[in-house]
Amino acid sequence: MDLIQILVNGLSVGAVYGLFALGYTLVFSVLGVINFAHGAVFTLGAYFTYLLIGGAVGANGLLAGFALPFALPFWGALPLAGLGAALVALLVERVAFRPLRRRRADPLLALITSLGAGVILVNLIQLLVGAESYAIPTGALGGLPASFPLLGARVRTVQALLLAISLLLLAVLSLWLEGSRNGRGLQAVAEDAETAQLLGIDSTAMVRLAFGLSGFLAGVAGGLVGLSVSIAGPYFGIGYGLKGLAVLVLGGLGSVPGAVLGGLIVGLAEACVPAEASGWKDAVGYGFLFLVLLVRPRGLLGRPLPTKV
Amino acid sequence: MDAGLLEQMLLGALLALSVYLPLRCGQLSLATPGFYAVGGYVAALLSTGVPAFAGTGATSPLPALLVEMVLAGALAGLIALAIGGPVLRLRGIYLAIATIALVEILRVINLNLPFTGGAMGIFGIPQPFAQPEGYVAFTLALLALACWLCQRLEALRLGRAMAAIRDDELAAACVGIDTPHTKLIAFVASALLAGVTGAVAAHFFNSWNARAGSFDASITTLAFVVFGGSRLWPGPVLGGLLLTALPELLRPVGDLRLILFGAVILLGPLFFPQGLVTAERLQRLQTLAALLPRRRGAPLAP
């Protein structure tokens with residue numbers, strides 16, 4: 001395989017990992033915990049996209065044969081699926097995170113409650129639409145060709161879109177975090193929730209904002225991956241979620257550029273694994289994470305936390 | 001109750017204890033399923049590949065199982081010893097995710113080694129016990145031993161050093177506790193227990209593959225501990241027993257089974273943030289137990 005092809009494959013997969021890790025990082029920076037339901041929200045985003053472009057449910061599940069009475073073009077369906085996923089993420093926050101925060105419980109518990117929420121979501125999907133895989137037809141992209149030549153390599157349009165949309169979302173998010181009132185409020189809460197509250201920032205609203213945004217990113221990523229490789233069943237988000245977790249720590253918890261950098265590194269490293277050793281591909285990202293943590297215990301771009309005595 | 005389910009519950013309790021040991025000194029390590037898988041492979045490879053371990057009768061010899069358990073525990077412990085030093089410098093969620101990464105790396109290695117049977121794994125592992133009841137008795141003895149050791153730990157200097165690190169690592173170091181050393185001991189002990197448990201489990205399940213140690217298992221075993229209570233050893237044991245049994249007991253509700261399981265995991269920590277077993281509840285139970293025989297056995301008249 002030639003270099004350009006490896007580069008494109010690696011960057012487009014890495015962009016998805018990055019989007020995933022961004023969602024984790026938004027929640028982590030305001031709450032200091034990891035949302036294990038994130039992978040399930042990503043999966044839901046893919047199913048929402050499939051339904052919104054007019055796809056019908058298969059023969060299994062309670063909703064067998066169901067289809068929406070309208071069919072949107074992919075461009076309309078993707079943001080709507082993101083919004084749907086954001087609503088689900090808000091619901092997850094409401095049932096699995098807020099009660100713990102209100103009781104000032106050990107943050108470790110949120111790992112378990114969010115896992116419970118994820119288990120419920122994944123099995124709800126299975127109950128409703130069955131465990132079969134769904135493919136989003138590539139025709140959903142309208143008049144765009146399936147692939148195009150670039151510097152002597154053939155690039156699938158979907159891959160280019162994945163990369164472009166991820167980078168766009170990242171740029172918008174960074175600008176918004178730095179420039180807008182809410183974005184800075186979010187950062188203030190991430191720095192110190194209590195002080196932010198004293199300064200008149202509604203930290204509960206900021207937490208909700210973080211969950212909504214992370215759900216939106218996950219939903220969009222799910223829709224894009226669904227288009228790129230088809231939806232392999234209710235569990236298909238879990239592998240990406242796990243990889244996203246490794247990427248998150250690799251880049252440094254709570255760091256937005258770190259999440260993207262980590263995603264691109266892991267994506268590229270995986271793309272470099274030759275086809276005959278593809279069984280080892282999954283170990284590359286984790287091995288990389290392991291090595292980086294040994295040298296830099298806070299990840300590539302993570303800030304060292306001061307030790308409180 | 002079905003002896004097979006009971007055996008799975010006991011194995012769950014052993015794994016929960018393995019997660020509890022590092023947590024007892026404040027280390028959120030999720031590496032248990034990785035060591036469990038390694039231990040299972042040791043037993044599976046030895047008993048299917050070495051004639052002396054397989055035996056000649058209907059059941060494989062019991063001493064062979066014991067040797068496998070020792071070797072499985074030793075290999076898991078050695079891996080933990082080798083990586084423990086650098087890994088245990090990580091804190092909190094970083095440690096948790098690094099150990100999840102370790103589990104995944106071990107899974108990929110187990111999947112791709114030339115002699116571990118690939119995705120299908122290893123089949124037809126010989127049975128040291130003809131009936132599941134034999135496994136139950138054996139595993140119960142193992143669990144009792146593990147519980148006794150955990151109880152002994154409370155009285156030893158090592159156990160108190162672990163508790164001190166959990167409450168405040170810096171303060172513990174200031175009073176002269178060798179914190180890296182203590183953390184490493186807890187990590188290795190956890191790996192050893194998981195490896196031994198894997199060796200028993202491989203025989204019981206009759207086949208073994210890389211799915212034994214996965215990310216899901218990491219989080220499920222953590223749920224055992226959080227659900228049961230992470231401060232006293234009866235907590236993880238109870239959590240492991242209950243949460244392993246739950247999906248099976250929920251079988252009558254059919255498709256809703258795993259949704260209800262998720263709901264239990266979601267609601268458990270909300271209603272019991274300290275877990276089911278706490279010092280106060282244990283105290284109350286002891287008071288009750290002390291009252292009961294006295295009432296029944298009190299002499300009526302001198």
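Convention: sequence-line order gives letters A, B, ...; per-chain numbering from 1. Remember, predicted model here, so these are calculated numbers, not experimental data.
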* What option among B:Leu102, B:Leu267, B:Ile100, B:Leu256 has the most heavy-atom pairs under 4.5 Å with chain A? -> B:Leu102
* To do: Side-chain contact test, heavy atoms from C-beta onward, threshold under 4.5 Å: evaluate it for B:Ile93 versus A:Leu111 and give yes or no.
  => yes
* To do: Could you check which of A:Leu127, A:Val119, A:Val122 has the highest count of heavy-atom pairs closer than 4.5 Å to chain B?
  => A:Leu127
* To do: Could you tell me which portion of B:Arg257 (side chain, backbone, both or neither) has an atom closer than 4.5 angstrom to a non-hydrogen atom of chain A?
  => neither
* Does the side chain of A:Val260 come within less than 4.5 Å of A:Leu264's, by heavy atoms? -> yes
* Kindly compute the distance separating CG (A:Asn123) from CG (B:Leu260), expressed to the nearest 0.5 Å. => 10.0 Å
* Asked: Between B:Phe227 and B:Ile265, is any pair of side-chain heavy atoms under 4.5 Å apart?
  -> no
* To do: To the nearest 0.5 Å, tell me how far A:Leu245 CG sits from A:Tyr286 OH.
  => 8.0 Å
* So which part of A:Leu100 gets closer than 4.5 Å to some heavy atom of chain B, the side chain, the backbone, both or neither? -> both
* What part of A:Leu121 is in contact with chain B, defined as an atom under 4.5 angstrom from a non-hydrogen atom: side chain, backbone, both or neither? -> neither
* To do: Please state whether the side chain, the backbone, both or neither of A:Ile112 comes within less than 4.5 Å of a heavy atom of chain B.
  => both
* Asked: Can you check whether B:Ser190 reaches B:Thr32 side chain to side chain, under 4.5 Å on heavy atoms?
  -> yes
* Region of B:Val87 that comes under 4.5 Å of a non-hydrogen atom in chain A -> both
* **B:Leu111 portion near chain A, given a 4.5 angstrom heavy-atom threshold** => neither
* **A:Leu289 portion near chain B, given a 4.5 angstrom heavy-atom threshold** => side chain
* What part of B:Phe271 is in contact with chain A, defined as an atom under 4.5 angstrom from a non-hydrogen atom: side chain, backbone, both or neither? -> backbone
* Asked: Quick one: what part of A:Val95 sits under 4.5 Å from any heavy atom of chain B, side chain, backbone, both or neither?
  -> both
* Check the pair B:Phe224 / B:Tyr20 against ring-ring contact (aromatic ring centres under 6.0 Å, His included), numbers first and verdict last. => CA-CA 9 Å; B:Phe224 293 169; B:Tyr20 160 80; over 10 Å; no
* To do: Find the one option among B:Asn112, B:Ile259, B:Leu258 whose heavy-atom pairs under 4.5 Å with chain A are most numerous.
  => B:Asn112
* Structure fact -> Pair count under 4.5 Å, heavy atoms only, with chain A: among B:Ile97, B:Val226, B:Thr220, highest is B:Ile97
* Asked: Side chain, backbone, both or neither: which part of B:Leu90 has an atom under 4.5 Å from a heavy atom of chain A?
  -> side chain
* Asked: Does a side-chain N-to-carboxylate-O contact under 4.0 Å join A:Arg208 and A:Glu93?
  -> no
* Look at B:Arg231 together with B:Asp167 and state whether they make a salt bridge at an N to O cut-off of under 4.0 Å. => yes
